[in-house]
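Below you'll find the structure, written out as structure tokens, and then a few comments.
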Amino acid sequence: KNKIEELKKEGLIEYVNIIDTKNLPVSNIKYGNGSIKVYVFTDPQCPFCGKLHQSVKEILSKRKDITFEMVLYPLPFHKYAMDISQNIECQKDNTQKQKLLDTAFENTLKNNESGLSKLAKPCNTAVSKINKNLNFGKSHGINGTPTIVFPKGVAISGALPTDTLNKLIDLLK
């Protein structure tokens, strides 16, 4: 609690939620191989998620002690998000999943609807896992993306700048 109050005073965060990390859904995609696990509830058609994704990649280029666990959380008002999420989840390996998510964010940040529509491939075997993610989020106060869950269960919504995200990882690990 003291750390959270300190972060609020420093203007690093405004809204914080606490989530029991023992019950987090299994991530759909992993970036990095470090011992510090940071979960990101993300939507492949969310521009703020795309910006945060750039920060994630920047941090991973400098640090090897972090794993970002991406939990697909397609929002209903994003036309292609559910089908892109299903397509990602149905890929055979993590590298293919990363490539699809990276491509989705590239298209999202460029407002390339044609590119997004090409990635939107429904996959029935992924529906139950994506729905579990959505149900978990709704029952734990996750109302938007991106939402970052740090190792001790502190959840913060929003596309945090790289320096702020890096500082929060160190403070909340």
Side-chain angles (χ1 to χ4, degrees), residues 3-4 7-8 10-19 21 24-34 36-82 84-85 87-89 94-95 97-113 115-116 119 130 133-134 136-138 140-173:
K3 283 186 179 181
I4 291 170
L7 296 171
K8 285 181 179 179
E10 288 184 34
L12 291 175
I13 57 172
E14 292 176 24
Y15 175 73
V16 175
N17 187 12
I18 305 296
I19 292 176
T21 57
L24 281 166
V26 174
S27 67
N28 304 96
I29 310 152
K30 294 181 184 188
Y31 288 84
N33 293 307
I36 301 169
K37 295 200 183 310
V38 176
Y39 286 79
V40 179
F41 285 76
T42 193
D43 174 327
Q45 197 178 346
C46 162
F48 299 106
C49 298
K51 288 179 184 174
L52 179 70
H53 197 68
Q54 291 172 333
S55 293
V56 164
K57 293 236 175 169
E58 192 176 325
I59 288 170
L60 287 172
S61 73
K62 297 173 185 163
R63 295 181 67 163
K64 304 299 176 211
D65 61 338
I66 300 170
T67 300
F68 285 95
E69 305 265 358
M70 312 305 273
V71 178
L72 294 170
Y73 199 76
L75 299 173
F77 52 85
H78 287 142
K79 183 177 179 180
Y80 303 108
M82 178 58 90
I84 293 171
S85 295
N87 184 12
I88 291 169
E89 179 54 31
N94 194 60
T95 303
K97 291 178 179 191
Q98 286 178 348
K99 185 177 178 184
L100 271 175
L101 186 60
D102 293 347
T103 304
F105 285 138
E106 287 169 18
N107 284 299
T108 294
L109 291 173
K110 292 177 184 173
N111 288 321
N112 182 356
E113 191 165 337
L116 289 169
L119 299 173
I130 303 293
N133 295 351
L134 294 169
F136 175 88
K138 288 173 189 163
H140 288 82
I142 296 174
N143 300 316
T145 57
T147 295
I148 307 154
V149 181
F150 294 91
K152 292 186 168 117
V154 174
I156 300 171
S157 293
L160 300 173
T162 304
D163 291 344
T164 303
L165 178 59
N166 207 20
K167 186 173 184 178
L168 287 171
I169 290 168
D170 286 333
L171 285 169
L172 300 172
K173 62 184 173 185

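Numbers here are sequence positions counted from 1.
Using a 4.5 Å cut-off on side-chain heavy atoms (C-beta onward), T108 and H78 make no contact. P44 places a side-chain heavy atom less than 4.5 Å from the side chain of S85. Here the side chains of I29 and Q98 are in contact, with some heavy-atom distance below 4.5 Å. Within the 4.5 Å cutoff, the side chain of L116 has heavy atoms near those of the Q45 side chain. Residues F150 and I156 form a side-chain contact, since some pair of their non-hydrogen atoms from C-beta on lies under 4.5 Å apart. For the pair I169 and R63, the minimum side-chain heavy-atom distance is below 4.5 Å. M70 is not listed as a side-chain neighbour of K97, based on a closest heavy-atom distance of 4.5 Å or more. Contact of the K57 side chain with the D102 side chain is registered, since non-hydrogen atoms from C-beta on lie closer than 4.5 Å.
A search for side-chain contact (heavy atoms from CB on, under 4.5 Å) contacts involving K30 returns S27, T67, E69, N94, not counting sequence neighbours. Take T147 and apply the side-chain contact (heavy atoms from CB on, under 4.5 Å) test, not counting sequence neighbours, and it matches F41, I142, A155, S157. Scored by the side-chain contact (heavy atoms from CB on, under 4.5 Å) test, N28 finds V71, L72, E89, K129, I130, N133 as partners (sequence neighbours excluded).
With rounding to the nearest 0.5 angstrom, the CD1 atom of I66 is 11.5 Å from the NZ atom of K37. One finds the CG atom of D43 at 9.5 Å from the CE atom of M82 (value rounded to the nearest 0.5 Å). The distance from the CG atom of L119 to the CD atom of E106 is 9.5 Å, given to the nearest 0.5 Å.
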Before giving the answer on side-chain contact (heavy atoms from CB on, under 4.5 Å), spell out for Y31 and L101 the whole-Å C-alpha distance, their side-chain angles and the decisive distance to 0.1 Å. CA-CA 11 Å; Y31 288 84; L101 186 60; 3.9 Å; yes
Could you go step by step and tell me if I148 and Y39 meet the side-chain contact (heavy atoms from CB on, under 4.5 Å) rule? CA-CA 6 Å; I148 307 154; Y39 286 79; over 6 Å; no
Evaluate T42 against F105 for side-chain contact (heavy atoms from CB on, under 4.5 Å), listing each step before the verdict. CA-CA 10 Å; T42 193; F105 285 138; 3.3 Å; yes
Steps toward side-chain contact (heavy atoms from CB on, under 4.5 Å) verdict (F136, I19): CA-CA 10 Å; F136 175 88; I19 292 176; 3.7 Å; yes
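Across all non-hydrogen atoms, the minimal contact from Y73 to L134 is CE1-CA, 3.5 Å. The two residues T145 and F48 make their nearest non-hydrogen contact at O-CB, 4.4 Å. Listed here is the closest heavy atom pair of P151 and V38: CD-CG2, 4.4 Å.
Side-chain atoms of K152 come within 3.5 Å of backbone N or O of K173 as a donor-acceptor pair.
At most 12 non-hydrogen atoms from other residues, nucleotides or ligands lie less than 6.0 angstrom from NZ of K51.
Only one option out of I59, L109, T162 pairs with Q54 in a side-chain contact (heavy atoms from CB on, under 4.5 Å); it is L109.
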